[in-house]
J.: 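Below you'll find the structure I mean.
One-based numbering, in listed order, for ligands and for the atoms of each. Side chains are part of it too, since the values below use all heavy atoms of this structure and drop only hydrogens, waters and symmetry mates.
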Amino acid sequence: MVHLGPKRPPSRKGSMADVPRNLLDQIKAFEELFTVDTAKLNEIVDHFVSELKKGLSKEGGSIPMIPTFVMDWPTGKEKGAYLALDMGGTNLRVCEIILDGNRSFDTIQSKYHMPPELKVGDSEALWDYVAECMEAFIASYHGSIEEVEKLHLGFTFSYPCTQYAINHGILQRWTKGFDIEGVEGKDVVPMLAKAFEKRNLPITVTALINDTTGTLVASNYTDPSFKMGVIFGTGCNAAYYDTLGNIPKLEGKVSLPPDTPMAINTEWGAFDNEKVVLPRTKYDVQVDEESPRPGQQCFEKLISGLYLAEIFRLCVLDMHDCGLIFENLDVTAFRKPYCIDASFLAMIEMDPFENLSETEELFLTKFGLKTTEPERKLFRRLAELIGTRSARLSACGVAAIAKKTGMTEFHAGADGSVFNKYPFFRERGAEALSEIFNWPSKKQKDHPIKILPAEDGSGVGAALIAAMTLSRQERGEKVGFDVIPTD
Ligand code: GLC
């Protein structure tokens, strides 16, 4: 993906003079489809707030709102060496983090490729591969396994997991294109522990965490003004701290004072699965229907990096199939689902040339497609519309949590490829937030709620949560339900 340039691309206003009428009409149609105006943003936020509350209720709703059993804010004094493992989409990352007790840390890390076939393969092969990578990591940094003492691991497993304790997590369902049989409905911790045992690895899974929870804790550790952790990457999700008194679904399960903090992994990607409020186009419907889990993660499917380019691809193909573009060209290569990713859109948006010659090159080299300049202008506008919709809808989630909790001034720590690399995502998100709250100043620096780059959640965050869990356990405090179900 390209990195953010310092300036916006040249204004596209006025550059449409040479675009023929039929393509201009198509641009207009896309503008209508993909634009989310302020009134709609507010309607979405209102519904979002009630869905967040519903998710915490006994009846539940479509947003899972998972209590994570992270029940302390970091103090900054956490100390010691911890392992962190992040089983994300593309890579497997293993780190050793040394927390120095003074809001700072040192990290060593290795990344291992996650073979795509493992994502749709068999469960045992997945866990064995993870254990193999951990073994390689320990061997390279600690020498022989036999000499290593017990290591505590913070395991970042960024999929919706029901947790009845910090070191348990029953996978509700795979998201982000993963589809491995035999894991949904089961606790993933014993599966990983078994794979460690097979290799005699002296590792205890001390905490199972979501990337958003890690991001929240890591960001708050380095700067306490951070009160929310958000991921805008392959998937999209957020975590924040609520209090036990606001979580009716834990009544009778955790007997602690109502003001006890509890980090909530919202899993807001599932917002509006019941399709009440989000502006879904026919392309979004198709992306959903052709995904491994239709009807799930409806909010995420409009926002996250995995789907943005797919929406774009379907729009482009639709125009071709209607005879509007790519006349007499063979689009076979472009018909392959997910053949482009969000970096493709980012490159189109960042093309610095008025005739969009980089975009021309992109279509030509990747797909053998010779584009005309008006077609490219249409593509650029389309990418801009899809990217802008994603950023504006994302802001609705942040605004909804702010409204639900009553937080009016704070920082949200954000991470993920879309946030870090998609052009203007931050600016567009900030603009939407400002419209939702009707802030007088349009300048981001004056905004009371800012979405800013986060500290490393799945490394430092995971280590911190492992450290915080051990301290709780040493103090004899709860890290799960009063009675932990055995299943
Ligand atoms: C998906 C996962 C969620 C994760 C997010 C970002 O939404 O379900 O657990 O936090 O992606 O990685």
J.: Hey, is Gly233 one of the residues with a heavy atom under 4.0 angstrom from ligand 1?
T.: no
J.: Please state whether Gly269 comes within less than 4.0 angstrom of ligand 1, counting heavy atoms only.
T.: no
J.: What residue and atom, counting heavy atoms only, is the protein's closest point to atom 6 (C) of ligand 1, and at what distance?
T.: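 In this structure, atom 6 (C) of ligand 1 has Asp211 OD2, 3.3 Å as its nearest protein heavy atom.
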J.: So, Asp272 versus Ser62: side-chain donor-acceptor pair below 3.5 Å or not?
T.: no
J.: Tell me the protein heavy atom at minimum distance from atom 5 (C) of ligand 1, and give that distance in Å.
T.: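 Minimum-distance protein heavy atom for atom 5 (C) of ligand 1 reads Asn237 CB, 3.7 Å.
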J.: Report the relative orientation of the aromatic rings in Phe419 and Phe425; use parallel for angles under 30°, tilted for 30 to 60°, perpendicular for over 60°.
T.: perpendicular
J.: Check ligand 1 against Glu267 and write out every atom of the ligand that is under 4.0 Å from a heavy-atom position of the residue.
T.: 2 (C), 3 (C), 8 (O), 9 (O)
J.: Please could you name the atoms of ligand 1 that Tyr159 approaches to less than 4.0 Å, counting only its heavy atoms?
T.: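 Those of ligand 1 that fall under 4.0 Å from Tyr159 are 8 (O), 9 (O).
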J.: What pair of heavy atoms forms the shortest contact from Ser394 to Trp268, and how long is it?
T.: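 Closest heavy-atom pair between Ser394 and Trp268: O-CH2, 4.3 Å.
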J.: Can a donor-acceptor pair be found, under 3.5 Å and without considering hydrogens, that links the side chain of Thr388 to the backbone of Leu385?
T.: no
J.: If you count the atoms of ligand 1 from 1 in the order shown, which ones are under 4.0 Å from a heavy atom of Ile231?
T.: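 Those of ligand 1 that fall under 4.0 Å from Ile231 are 6 (C), 12 (O).
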J.: To which protein heavy atom is atom 1 (C) of ligand 1 closest, and what is the distance rounded to 0.1 Å?
T.: Glu300 OE1, 3.1 Å
J.: Could you verify whether a donor N or O on one side chain and an acceptor N or O on the other, from Gln163 and Thr68, lie under 3.5 Å apart?
T.: no
J.: Is Asn265 close to ligand 1, meaning an N/O of one under 3.5 Å from an N/O of the other?
T.: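 Between Asn265 and ligand 1 (N or O atoms, distance only) the closest approach is not under 3.5 Å.
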J.: Does any N/O atom on Lys176 come nearer than 3.5 Å to any N/O atom on ligand 1?
T.: yes
